[in-house]
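Scope of the values below: all heavy atoms of this structure, side chains included, with no hydrogens, waters or symmetry mates. Start at 1 with the first residue, then count along the sequence. The structure presented is a predicted model; accordingly, all values stated were derived computationally and were not measured.
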Amino acid sequence: MAQLNKSMEKLVSLTKRRGFIYSGSEIYGGLASTYDYGPLGVELKNNIKNVWWKLFVQDREDIVGIDGGIILSPKVWEASGHINEFKDPLVECKKCHHRFRPDKLKGNQCPDCGGELTKEKLFSGMFETTIGPVKEEGILTYLRPETAQAIFINFNNVLSSTNVKIPFGIAQIGKAFRNEITTGNFIFRTIEFEQMEIEYFISPKENWEKVFNSFLKDMHKYAEMVGISNASLYDHDIPEKERAHYSKKTIDIEYEWPFGRDELWGLAYRTNYDLTKHSEYSEQNMDYFDDETRDKYIPHVIEPSCGVDRTVLAVLASAYDEEKLEDGEERIVLRLKPEIAPYKVAVFPLLRNKPDIVKKAREVYLQVKSDFSTFWDERGNIGKRYRYQDEIGTPFCLTVDFDTLDDDTVTVRDRDTMKQIRVKISELKDWFASRL
Ligand code: GAP
């Protein structure tokens, strides 16, 4: 955490204070580059994944989903090239034995203790594990470093069990694991993370650049949908020597992080590399036969790949705001898009010691909760409750007061404008539905 800059520190502190994200294994002193999502974090993360799934899978006719295994046959990783190619060069400090990526170093001394560094060595990013009760006799395999391979190895299964026809895509959201040596910057780079990936299969005769550009556009659309402004994104065309072994073209969509511009998501043209390799190594035919054109070929692939955790971080960094109020006070507000906010509404009784008000407020809470994710709060005073909801990004707060008992209206307060209006209880559902 030591290297975090001021804005990152504030964000990290807010996410911990309000139950979005905690450091991993904290009670045992922590485990570097691991994090846990708390009650609000899991809601935010699920909403971010749901928007992606709806946009790229449910709203389209040409993309279907799968949920493949984390542990696959070790042969998968031989075929995919990961065992040989998924390596990063690193240097090690001869004194403190900390390891660093040479491309991220400024100078040739250890940034931690000033010690002398070794020459570059290749370091595998694959997480090893053993299957079987006796470690020495078990099968050595790996936790997947990308979700993509579970899609490629199920290509024939999906083709024969559904009605998909090229061009079509297979999507997946799931965990991936990498033995990362560059750490820091919170959930930006962790050893366990989630990916939202699509392998989109096309004919070799298809204009792949057109498909590639259409996904690039959709990824930018998705960014806006979750509250990441396109003005903070930059498409970085990765030069050949820096691309992954399978890629003929890669664009990294970079984000202006509080710690500088760096990769948010990636889009790659993987050619027919993966299916060809799996066909070769598994000795299974992975040709696609087109009934209409009578063409037979191994499909080519366009791959949009979005890290869930990086999306969470970019969403939080984009939404975080500190505002000076007219009365001189400051408030922290997470200006999350309503669609992805963990709670859409918070319901308060004006006073917790007035049973009539509390009873009425509970009724309203249960009514609103059946349609929208709703938070109940009767702690402290109204001002404090507003500040709390601002910090967790709840778009609307609803207060039940003395007038409610007479006229069945409540005060609804808008997170961003802080304006308050009276709304009839019977109209709340429509009122929120049109705004959320
Ligand atoms: N299947 C292609 C693939 O895995 P990648 O560029 O290595 O490509 C895709 O990873 C995305 O996964 C990245 O753009 C990033 O959003 C996310 N990602 C990769 N490594 C990560 C890590 N160590 N921690 C968090 N997210 C990571």
Side-chain angles (χ1 to χ4, degrees), residues 56 62-63 76-89 103 122 124-126 144-156 158-159 164-172 176 178 195-220 222-223 233-254 262-282 284-288 290 293 295-307 310:
F56 286 105
D62 59 342
I63 300 187
V76 171
W77 308 112
E78 264 175 57
S80 70
H82 280 83
I83 289 179
N84 282 331
E85 306 280 347
F86 200 64
K87 288 178 181 162
D88 272 329
D103 58 328
L122 285 177
S124 171
M126 304 278 280
R144 63 185 183 195
E146 59 168 3
T147 61
Q149 297 304 325
I151 295 179
F152 292 126
I153 61 172
N154 278 295
F155 175 75
N156 281 353
V158 173
L159 208 56
V164 290
K165 275 199 161 89
I166 285 208
F168 76 93
I170 305 179
Q172 182 175 211
R178 295 182 190 179
Q195 291 184 315
M196 307 182 277
E197 298 201 298
I198 298 166
E199 307 307 317
Y200 197 82
F201 301 97
I202 56 174
S203 150
K205 288 184 183 158
E206 173 96 61
N207 178 349
W208 67 265
E209 275 163 312
K210 204 168 142 218
V211 182
F212 189 97
N213 288 333
S214 142
F215 273 111
L216 187 59
K217 217 167 115 213
D218 286 344
M219 291 166 89
H220 280 276
Y222 172 64
L233 297 178
Y234 173 81
D235 294 343
H236 180 186
D237 199 339
I238 303 293
E240 188 180 351
K241 61 178 185 347
E242 290 171 31
R243 287 199 293 262
H245 61 279
Y246 49 72
S247 176
K248 198 158 171 191
K249 182 176 173 84
T250 296
I251 284 193
D252 278 356
I253 300 182
E254 297 182 339
D262 209 330
E263 178 182 351
L264 169 65
W265 303 326
L267 174 63
Y269 171 37
R270 290 180 83 128
T271 67
N272 60 358
Y273 179 88
D274 300 88
L275 288 184
T276 305
K277 288 281 174 197
H278 285 304
S279 173
E280 224 174 276
Y281 277 69
S282 66
Q284 302 284 316
N285 184 2
M286 292 192 127
D287 285 346
Y288 176 84
D290 188 319
T293 61
D295 283 343
K296 204 165 99 174
Y297 54 83
I298 293 197
H300 284 230
V301 169
I302 304 292
E303 179 197 62
S305 176
C306 302
R310 273 190 207 177

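- Distance NZ/Lys165 to CG/Asp62: 14.0 Å, rounded to 0.5 Å.
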Ring pair (Phe, Tyr, Trp, His ring centres under 6.0 Å) evaluation trace for Phe155 with Phe201: CA-CA 10 Å; Phe155 175 75; Phe201 301 97; 4.7 Å; yes
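- Relative orientation of the Tyr288 and Tyr297 rings is tilted, given thresholds of 30° and 60° on the angle between their planes.
- For the pair Ile302 and Leu267, the minimum side-chain heavy-atom distance is below 4.5 Å.
- For the pair Tyr273/Lys248, no side-chain contact is recorded, criterion being any heavy-atom separation below 4.5 Å from C-beta on.
- Not one N or O on the side chain of Asp252 forms a donor-acceptor pair closer than 3.5 Å with the backbone of Asp262.
- Under the 3.5 Å distance criterion, the side-chain polar atoms of Ser279 are matched with a main-chain donor or acceptor of Gln284.
- Closest non-hydrogen pair, Pro299 versus Asn272, comes out as O-CB, 3.2 Å.
- Counting heavy atoms from C-beta on, the side chains of Ile170 and Asn154 never come closer than 4.5 Å.
- Taking OH of Tyr269 as the start and CH2 of Trp208 as the end, the distance is 6.5 Å to the nearest 0.5 Å.
- Interatomic distance, Ile63 CD1 to Ile198 CD1, rounded to the nearest 0.5 Å: 4.0 Å.
- Between Trp77 and His82, the angle of the ring planes goes over 60°, which puts this pair in the perpendicular group of the 30/60° scheme.
- Among all heavy-atom pairs drawn from Met219 and Trp265, the shortest one is O-CZ3, 3.3 Å.
- Side-chain contact check for Phe152 versus Val76: every heavy-atom pair is 4.5 Å or farther apart.
- Each of Lys241, Glu240, Glu242 was checked for a side-chain contact (heavy atoms from CB on, under 4.5 Å) with Ile238, and the lone residue meeting it is Glu242.
- With contacts defined as side-chain heavy-atom distances shorter than 4.5 Å, the pair Arg178/Glu146 qualifies.
- Annotation: side chain of Val301 is not in contact with side chain of Asp274 (no heavy-atom distance under 4.5 Å).
- Residue Tyr246 comes nearest to Glu303 through the heavy atom pair OH-OE1, 4.3 Å, listed as atom of the first residue, atom of the second, then distance.
- The pair Arg144-Glu197 fails the salt-bridge criterion, with no side-chain N (NZ, NE, NH1 or NH2) lying under 4.0 Å from an Asp/Glu carboxylate O.
- The side-chain heavy atoms of Phe56 and Phe215, taken from C-beta on, include a pair separated by under 4.5 Å.
- Between Ile151 and Ala171, the shortest heavy-atom contact is CD1-C, 4.2 Å.
- One finds the OG1 atom of Thr271 at 14.5 Å from the NZ atom of Lys249 (value rounded to the nearest 0.5 Å).
- Here the straight-line distance linking atom CD1 of Ile253 with atom SG of Cys306 works out to 7.0 Å at 0.5 Å rounding.
- Within the 4.5 Å cutoff, the side chain of Ile202 has no heavy atoms near those of the Asn207 side chain.
- The two residues Thr147 and Gln172 have their closest heavy-atom pair at O-NE2, 3.0 Å.
- A pairwise comparison of heavy atoms in Lys87 and Ile83 identifies CE-O, 3.7 Å as the closest pair.
- Put simply, CD1 on Ile298 and OG1 on Thr276 are 4.0 Å apart, with the number rounded to the nearest 0.5 Å.
- Side chains of Glu263 and His236: no donor on one and acceptor on the other come within 3.5 Å.
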